[in-house]
Each structure stands twice: as C-alpha cells, then as structure tokens.
**Q** 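Before I ask anything, here is the structure I am working with.
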Amino acid sequence: MLPASLDEAVAALAAMPAAVPVAGGTDLMAAVNAGLLRPAGLVSLGRINEIRGWQYQEDGHALLGAGLTHARMGRPDFAALMPGLAAAARAAGPPQIRNAGTLGGNIASAAPTGDALPVLAALEATLIIVGPIGQREIPVSYLLAGREMLRPGELIGFVRVPLLHAPQVFLKATGRTGPGRAVASVGLVLDPARRGVRCAIGAVAPMPLRPLEAEQWVASLIDWDGERNLAPEALEAFGDYVAAACVPDQGEPVAPGVLHLRRTVAVLARRALGRALTS
C-alpha cells in the first residue's frame, strides 16, 4: 500500500492489522533477510510529505517528521538546529543507508546500536504517535524501554525535541561487528537554562542508559555563569563515573571484554563533555 498522508496510512494499517509500516526499510529488510521477520504486508510511508520535514513550535520545541532521512538530518541547516542529531545522522553508515534510513525507523526498530537513540534520550525527546483514535505523546525513553508499545494501527508520526540552543555532542566507537556499527556511543547535551548535563550511553545495553548521578554530580561542578570550564581531573572522574554506572561488574574477576568496554565508555563520555564545554 502507498498512502499519501498519515490518515491514509493509519486507515491502511487498520484495514490490514498484520501489515508493517516501512519507510527506508534499512532495518526491516535486514530483519527479513535474516529470517527474523515475515510481515504479512507492508504499508509504505515514503510518499507522506508531512513527515519528511520539520517545523518550529512556539513553546521552544521543534517537531521533526519521522520520515526525515539521515542524509537530510546531516545537512548544515539541520545541524544548526540539532547538532547532536546531525552528527549521529552523519555517522549512521554509508551513503545508501543514510539516504534511505529514517529517524522514525531508527526509533521503531529500537536496535541498541541505533545512532540517533542516545541523542534523543539525552534530549529527552517525546514521540507523537498517530493511530485510529487520534494522537498521543510519549517520552522516547518509554518506547525504547518497552514501558510503552505501539498499539495495533499506530505509527510514529513526529518526534518533539526541545531547542536548547546549547552544545550537543555525539560520539561513537566502532568495532568489527559491521560497517560503522557502534560498540559504544554517547549523546551529551548541556542545558544552561536548567544548569544541567544530560548524557546517554548507547549500544552497551538494549536501550540507551542515562547515568543520572554522574550527570548531577558534574553539573554541580560547572560554573554556569562563567567560562564553564572543568579541571582535567573532573573530566576524568566523570568518564569513570559514567562507565561504572553503564558497564557494571559482572562478577570477579572482571572479564577483559568488560574492562575494555568500560574504558571505551569512559573515554567517550569524557571527550563528549570536554567538547561540549569548549563549544
């Protein structure tokens, strides 16, 4: 089915509840090719123009269409709006993946290595879910954690993100698990209005992890009215704090793989905060 609007897409899903909505299809086709998914039908979202752009809202948020491609989010005009998401989009893979893959697909597939996910978690984004009985809004973290599920006939229409006008950083470390696939990633944003640091670690767990105590601790050390500098020792401690929270010990002795992952997370968190503070 090829609906031309969100209403038509919802109607198509209602008429065929076993169908799966598809935009770029990068994650979906990988699951199909691996034998993990056999959809009874597909509802294409590729012709729905209303979800392929973004708009500003009067309350200081931006409404991002779920059909935004990684390639589109990586362009300079979007990067000026959402630098963290733009950096994640540019790191999402080779050109063919960036040209096809979408923001909504990245969220709906909820793959632990999804590059946009830690940035969205750090931004505390919310999702506008569209379905047969109208729209509802849920935090993106609820969907990623499984606390909320898409109901029959529902799909992700938009992502609502606060415009912080402050530094945002995305970094990731890759390994040999695939081209550009993250072993660990970090999304970090500063929120000067609330004097806060928000950090989310991706790829090390089924969903992005927020080291809340580490965030609160380091935010208390920052001179928000001054130059926002931190001593190297504080940056080092922040990285270790985040790593210990997100990659806990799994027994004694600690496995070499766990130690390596913890060091990787510590380096990413430290570098991300350092770049944010000097941006």
**Q** When you measure from the side chain of Trp224 to the backbone of Ala219, do you find a donor-acceptor pair of N or O atoms at a distance under 3.5 Å?
**A** yes
**Q** Does Arg98 reach the main-chain N or O of Gly93 with its side chain, forming a donor-acceptor pair under 3.5 Å?
**A** yes
**Q** Please report whether the ring centroid of Phe158 lies less than 6.0 Å from that of Trp54.
**A** no
**Q** Are any side-chain N or O atoms of Ser185 and backbone N or O atoms of Ala182, one a donor and one an acceptor, separated by less than 3.5 Å?
**A** no
**Q** Does a side-chain N-to-carboxylate-O contact under 4.0 Å join Arg195 and Asp223?
**A** no
**Q** When you measure from the side chain of Asp191 to the backbone of Val197, do you find a donor-acceptor pair of N or O atoms at a distance under 3.5 Å?
**A** no
**Q** What is the distance from atom CG of Leu103 to atom CG of Leu127, rounded to the nearest 0.5 Å?
**A** 8.5 Å
**Q** Short question: side chain of Arg262, backbone of Val247 - any donor-acceptor pair under 3.5 Å?
**A** yes
**Q** Is it the case that more than 12 heavy atoms not belonging to Gln96 sit under 6.0 Å from its CD atom?
**A** yes
**Q** Within the structure provided, determine whether Arg275 and Leu171 are in side-chain contact (heavy-atom separation under 4.5 Å).
**A** yes
**Q** If you measure from the Lys or Arg side-chain nitrogens to the Asp or Glu carboxylate oxygens, is any gap between Asp115 and Lys172 under 4.0 Å?
**A** yes
**Q** Could you check if a side-chain atom of Pro118 sits within less than 4.5 angstrom of a side-chain atom of Phe170, using non-hydrogen atoms only?
**A** yes
**Q** Supply the atom-to-atom distance Leu64 CG to Ile51 CD1, rounded to the nearest 0.5 angstrom.
**A** 12.0 Å
**Q** Would you call Val43 and Val22 a side-chain contact if the rule is heavy atoms closer than 4.5 Å?
**A** no
**Q** Go through the structure and list residues passing side chain to side chain contact (heavy atoms under 4.5 Å, CB included) with Ala234, not counting sequence neighbours.
**A** Leu221, Leu230
**Q** Closer than 3.5 angstrom, by distance alone: can the side chain of Asn99 be matched with the main-chain N or O of Pro95 as a donor-acceptor pair?
**A** yes
**Q** Measuring from atom CD1 of Ile222 to atom CG of Leu277, what distance do you get when rounded to the nearest 0.5 angstrom?
**A** 5.0 Å
**Q** Nearest 0.5 Å, please: how far is CG in Leu45 from CD in Glu8?
**A** 12.0 Å
**Q** Leu163, Leu68: one ILVMFWY side-chain cluster at the under-4.5 Å cut-off?
**A** yes
**Q** Check whether any side-chain heavy atom of Ile128 sits under 4.5 Å from a side-chain heavy atom of Val159, and report yes or no.
**A** no
**Q** Would you call Glu215-Arg210 a salt bridge at under 4.0 Å N-O?
**A** yes
**Q** Starting at CD of Glu154, measure out to CD of Gln135 and round the result to the nearest 0.5 Å.
**A** 10.5 Å
**Q** Looking at Arg270 and Gly239, would you say the former's side chain and the latter's main chain have a donor-acceptor pair under 3.5 Å?
**A** no
